[in-house]
Amino acid sequence: MPSIEIETVDFSFNVDHKMNGFKSRLNSMIVRICTFNLRRDGMDRGTPNDWNKRRPIMKECLEFMQPTIISTQEGIETQLNNIRDDLNE
């Protein structure tokens, strides 16, 4: 399953204010974006690509990847709800 991992460069800066010596630091943040072509549920019933067989694999992948943003293609409402439910367990 393709994924794009974007990692920002950790950078910091100090701003010395004459009145109070104010210092500021920006922290780095990793944003992980995963996109999945779900194939509409029902297209593959009774085959190895049946959603009921792919759903646990999808859940395991999302738990491993810990994406910040998830994008899908061809997902129907029940599949998207399944993914949401799996993520909220």
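- Judged as a side-chain contact (heavy atoms from CB on, under 4.5 Å), and not counting sequence neighbours, the contacts of Glu77 are Asn81.
- In terms of the side-chain contact (heavy atoms from CB on, under 4.5 Å) criterion, residue partners of Asp44 (sequence neighbours excluded) are, by chain and number, Arg39, Thr47, Asn49, Arg54.
- Among residues at least two apart or in separate chains, there is no side chain to side chain donor-acceptor pair (under 3.5 Å) pair with a member in residues 60-70.
- Considering every non-hydrogen atom in both Pro67 and Leu62, the closest pair reads CD-O, 3.5 Å.
- Listed by chain and residue number, Arg40, Asp41, Thr78, Gln79 satisfy the side-chain contact (heavy atoms from CB on, under 4.5 Å) test with Ile76 (two or more places apart in sequence, or in another chain).
- We find the CD-CG distance between Gln73 and Asn37 to be 5.0 Å, quoted to the nearest 0.5 Å.
- Taking Lys53 as the reference, nothing meets the side-chain hydrogen bond (donor to acceptor under 3.5 Å, both in side chains) condition, with sequence neighbours excluded.
- Under the 4.5 Å side-chain heavy-atom criterion for grouping Ile, Leu, Val, Met, Phe, Trp and Tyr, Leu80 is connected to Leu87 within one hydrophobic cluster.
- Minimum interatomic distance between Gly46 and Asp50 (heavy atoms only, all atoms of both residues): N-OD2, 3.1 Å.
- For Asn82, the side-chain contact (heavy atoms from CB on, under 4.5 Å) test picks out Trp51, Arg55, with sequence neighbours left out.
- Note that CD1 of Ile83 and OG1 of Thr72 are 6.5 Å apart. Values are rounded to the nearest 0.5 Å.
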